[in-house]
Amino acid sequence: MSRKHVALQRRVARVLSGWKDPHDLRPYPELEIVQHIDIAEDGEVNLTLRPARPHCPCCLLDLDNLRKRLAEIKGVTFVHLTVVDIPAAPRWTRAINR
């Protein structure tokens, strides 16, 4: 693993560790919203997420803001979020990654 890749992983982890759910004061890692993270050498970031409130429009907007914020990180070339374990998860995934 290159130093560049490790630095990218650190930058992504820093954003995720401070990202808070709109209905909670605790960050995503404490709420177990992030299920899986994959950061490729070429800068592609793939996240699997389980929103805390599956029928809440502001949670959908928050995930969209998270995707945009991750895309701004130096070294990130592409961001894809996959929503799982909620009703209409494929629809959420399509809406976020439009």
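Quick note: residue numbers are just sequence positions, from 1.
- Pairs passing the salt bridge (Lys or Arg N to Asp or Glu O under 4.0 Å) check and including a residue from residues 76-98, sequence neighbours excluded, read Asp64-Arg98.
- The side-chain heavy atoms of Leu8 and Ile73, taken from C-beta on, include a pair separated by under 4.5 Å.
- With a 4.5 Å cut-off on side-chain heavy atoms, Ser17 and Tyr28 do not count as touching.
- The side-chain heavy atoms of Val12 and Val15, taken from C-beta on, include no pair separated by under 4.5 Å.
- Proximity of Asn97 to Thr93: side-chain heavy atoms (C-beta onward) are separated by under 4.5 Å at one or more points.
- No side-chain donor from either of Asn65 and Trp19 sits under 3.5 Å from a side-chain acceptor of the other.
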Walk me through whether Val45 and Phe78 qualify under side-chain contact (heavy atoms from CB on, under 4.5 Å). CA-CA 6 Å; Val45 177; Phe78 183 76; over 6 Å; no
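- With a 4.5 Å cut-off on side-chain heavy atoms, Val83 and Pro51 count as touching.
- At a threshold of 4.5 Å between non-hydrogen side-chain atoms, the residues Leu63 and Leu49 count as touching.
- Sorted by first then second residue, the salt bridge (Lys or Arg N to Asp or Glu O under 4.0 Å) pairs that include residues 25-50, not counting sequence neighbours, are Asp24-Arg26.
- Listed by first and then second residue, the salt bridge (Lys or Arg N to Asp or Glu O under 4.0 Å) pairs involving residues 2-22 are Asp21-Arg53 (not counting sequence neighbours).
- Contact between Ala52 and Pro54 at its shortest, heavy atoms only, is O-CD, 3.6 Å.
- Contact record, Cys56 with His23: SG-NE2, 3.0 Å, taken as the closest heavy-atom pair.
- Both Leu81 and Ile37 sit in one connected hydrophobic cluster of ILVMFWY residues. Membership requires side-chain heavy atoms under 4.5 Å apart, directly or through other members.
- Residues Leu70 and Leu47 have side chains in contact (heavy-atom distance under 4.5 Å, counting atoms from C-beta outward).
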Leu16 and Leu66: CA distance, side-chain angles, deciding distance, side-chain contact (heavy atoms from CB on, under 4.5 Å) verdict: CA-CA 8 Å; Leu16 289 173; Leu66 174 61; 4.0 Å; yes
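- Judged by distance alone, with hydrogens and angles left aside, the side-chain atoms of Arg67 form a donor-acceptor pair with the main-chain N or O of Ile96 at under 3.5 Å.
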